[in-house]
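Working notes, beginning with the structure itself.
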There are 2 protein chains.
Amino acid sequence: MGITKTQIFTEKQNDLAQFFKVLGHPARVAILQYISNQNACICNDLVEEIGLAQATISQHLKELKSIGLLNGEIEGKSMCYCINVERWTAIQNQLNLFFNTTKSNCC
Amino acid sequence: MGITKTQIFTEKQNDLAQFFKVLGHPARVAILQYISNQNACICNDLVEEIGLAQATISQHLKELKSIGLLNGEIEGKSMCYCINVERWTAIQNQLNLFFNTTKSNCC
DNA sequence: TTTATATATTGCAATATTACGATATTAAAT
DNA sequence: ATTTAATATCGTAATATTGCAATATATAAA
């Protein structure tokens with residue numbers, strides 16, 4: 001097997017899990033933190049900063065983009081990646097809804 | 001490769017990613033939601049409820065236990081799984097800290 | 001136009017995850 | 001003691017993820 005049976009879950013459950021999954025890699029956590037710490041938007045020295053190959057960083061950025069967490073704008077010959085604040089907040093709210101709704105009724 | 005380079009990240013980044021990762025599967029989201037909806041603690045009909053094989057459910061429960069999210073108590077011949085509320089809240093707080101700290105400074 | 005620089009994509013190897021059948025293990029019931 | 005029921009573990013197949021070198025693409029600078 002090896003394949004997740006997404007059909008047996010609700011769309012909400014799959015979406016939620018997808019958000020968690022994308023955030024579930026230390027490189028992607030580090031990338032988001034690094035981008036957020038830059039005052040400017042020139043986010044290209046991620047390769048040096050993080051310490052993974054350029055191809056690998058590019059792949060992680062793609063995954064973060066896939067859930068809409070990052071905006072990328074062409075800035076001359078480099079790319080300006082920045083956090084999509086609206087999406088960021090929306091996802092945070094969804095996760096909190098999950099945490100607040102899912103509460104223990106026992107023990 | 002296929003192996004995550006945890007050594008190049010901070011412990012906090014790895015921990016955070018680990019929490020996200022464990023929550024990053026729809027079956028585990030569904031398990032947590034189901035347990036939280038039961039008034040009693042007899043959480044053994046997960047297999048019927050979720051629709052995955054017993055071995056698979058057991059594996060997912062193990063992962064949820066691995067980050068301390070579930071408590072398991074022996075209740076006769078079955079197991080009583082319930083959410084560890086203290087841990088649950090602690091993790092929610094850590095995730096929110098990450099979300100609030102990591103804010104956009106650009107665009 | 002050529003060169004240099006930044007990023008994306010492709011292809012591939014190594015490892016991880018998901019899922020399940022089969023087989024323990026454990027405790028209650030007979 | 002044996003049987004039944006619930007859960008855990010083992011072994012294994014299928015698929016996914018991680019990471020990188022090589023290559024493609026695109027823009028600025030020369």
Side-chain angles (χ1 to χ4, degrees), chain A residues 1-9 13-14 17-31 34-35 38 40-67 70-82, chain B residues 1-9 13-14 17-31 34-35 38 40-67 70-82:
Chain A
M1 317 274 141
I3 190 164
T4 299
K5 291 188 162 179
T6 48
Q7 344 81 260
I8 67 175
F9 304 106
Q13 288 170 334
N14 283 316
Q18 184 60 27
F19 298 150
F20 281 126
K21 194 176 181 180
V22 169
L23 294 168
H25 192 289
R28 295 193 282 271
V29 167
I31 286 171
Y34 182 75
I35 291 180
Q38 299 302 102
C41 229
I42 301 98
C43 317
N44 85 340
D45 25 26
L46 280 167
V47 175
E48 269 185 40
E49 189 62 28
I50 309 276
L52 289 170
Q54 184 268 321
T56 309
I57 296 290
S58 187
Q59 209 173 262
H60 284 304
L61 288 168
K62 195 179 178 182
E63 290 190 69
L64 289 166
K65 268 185 288 181
S66 80
I67 56 166
L70 288 185
N71 286 334
E73 276 181 37
I74 298 166
E75 192 114 328
K77 60 184 169 185
S78 58
M79 280 294 276
C80 160
Y81 276 114
C82 54
Chain B
M1 312 278 141
I3 189 163
T4 299
K5 291 191 161 177
T6 47
Q7 343 80 260
I8 69 175
F9 304 106
Q13 288 170 334
N14 284 316
Q18 184 61 25
F19 297 150
F20 280 126
K21 194 176 183 181
V22 169
L23 294 168
H25 192 289
R28 294 193 283 271
V29 167
I31 286 171
Y34 183 74
I35 291 182
Q38 298 302 103
C41 229
I42 300 98
C43 317
N44 88 335
D45 24 27
L46 280 166
V47 175
E48 269 185 41
E49 189 63 28
I50 309 275
L52 290 169
Q54 182 267 320
T56 309
I57 296 289
S58 187
Q59 210 173 261
H60 283 304
L61 288 169
K62 195 178 175 182
E63 290 190 68
L64 289 167
K65 269 186 287 179
S66 79
I67 56 166
L70 288 185
N71 286 333
E73 276 180 38
I74 299 165
E75 192 113 328
K77 60 185 169 185
S78 59
M79 281 293 278
C80 160
Y81 277 113
C82 55

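Numbered from 1 within each chain, the chains take letters A, B, ... in sequence-line order. Atom set for the values below is all heavy atoms of this structure, side chains included, hydrogens, waters and symmetry mates excluded.
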> Around B:Q7, counting heavy atoms of other residues, nucleotides and ligands shown, do more than 12 lie under 6.0 Å from its CD?
Replying inline: yes
Whole-Å distance separating the [atom1] atom of [X] from the [atom2] atom of [N]:
X     : N      : atom1 : atom2 : value
B:Q7  : D:dT18 : CD    : P     : 15 Å
A:E49 : C:dA6  : CD    : P     : 16 Å
B:I31 : C:dA19 : CD1   : C1'   : 13 Å
B:E48 : D:dA5  : CD    : P     : 14 Å
B:L61 : C:dT18 : CG    : C1'   : 15 Å
B:I35 : D:dT7  : CD1   : P     : 11 Å
B:D45 : D:dA5  : CG    : C1'   : 14 Å

> Is a side-chain donor or acceptor of B:S66 paired with a backbone partner of B:E63 at a separation under 3.5 angstrom?
Replying inline: yes
>> Given 3.5 Å as the limit, does a donor-acceptor pair link the side chain of B:R28 with the main chain of B:L64, or not?
In response: no
> Taking the nucleotide of DNA chain D with the closest heavy atom to each, which residue, A:E63 or B:K77, is nearer the 5' end?
Replying inline: B:K77
> Which residue, A:G76 or B:K62, contacts DNA chain D at a nucleotide closer to its 5' end, judged by nearest heavy atom?
Replying inline: B:K62
> Looking at DNA chain D, which of residues 50-59 of chain A put a heavy atom within less than 4.0 Å of it?
Replying inline: A:L52, A:A53, A:A55, A:T56, A:Q59
>> One pair to check against side chain to side chain contact (heavy atoms under 4.5 Å, CB included): B:N14 and B:Q18. What are the steps and the verdict?
In response: CA-CA 6 Å; B:N14 284 316; B:Q18 184 61 25; over 6 Å; no
>> As an exercise, state the distance from CG of B:L23 to NZ of A:K21, rounded to the nearest 0.5 Å.
In response: 13.5 Å
> Relative to the ring of B:H60, is the ring of B:H25 parallel (under 30°), tilted (30 to 60°) or perpendicular (over 60°)?
Replying inline: tilted
>> Is there a side-chain contact between A:I35 and A:L70 in this structure, where contact means two heavy atoms from C-beta onward sitting under 4.5 Å apart?
In response: yes
Using only side-chain N and O atoms of [X], determine if any of them is under 4.0 Å from OP1 or OP2 of [N].
X     : N      : answer
B:Y81 : D:dA6  : no
A:K5  : C:dC20 : yes
A:K21 : D:dT17 : yes
B:H60 : C:dT17 : no
B:H25 : D:dT17 : no

> Counting side-chain heavy atoms from CB outward, which of D:dG19, C:dA8, C:dT18 is closest to A:K65?
Replying inline: C:dA8
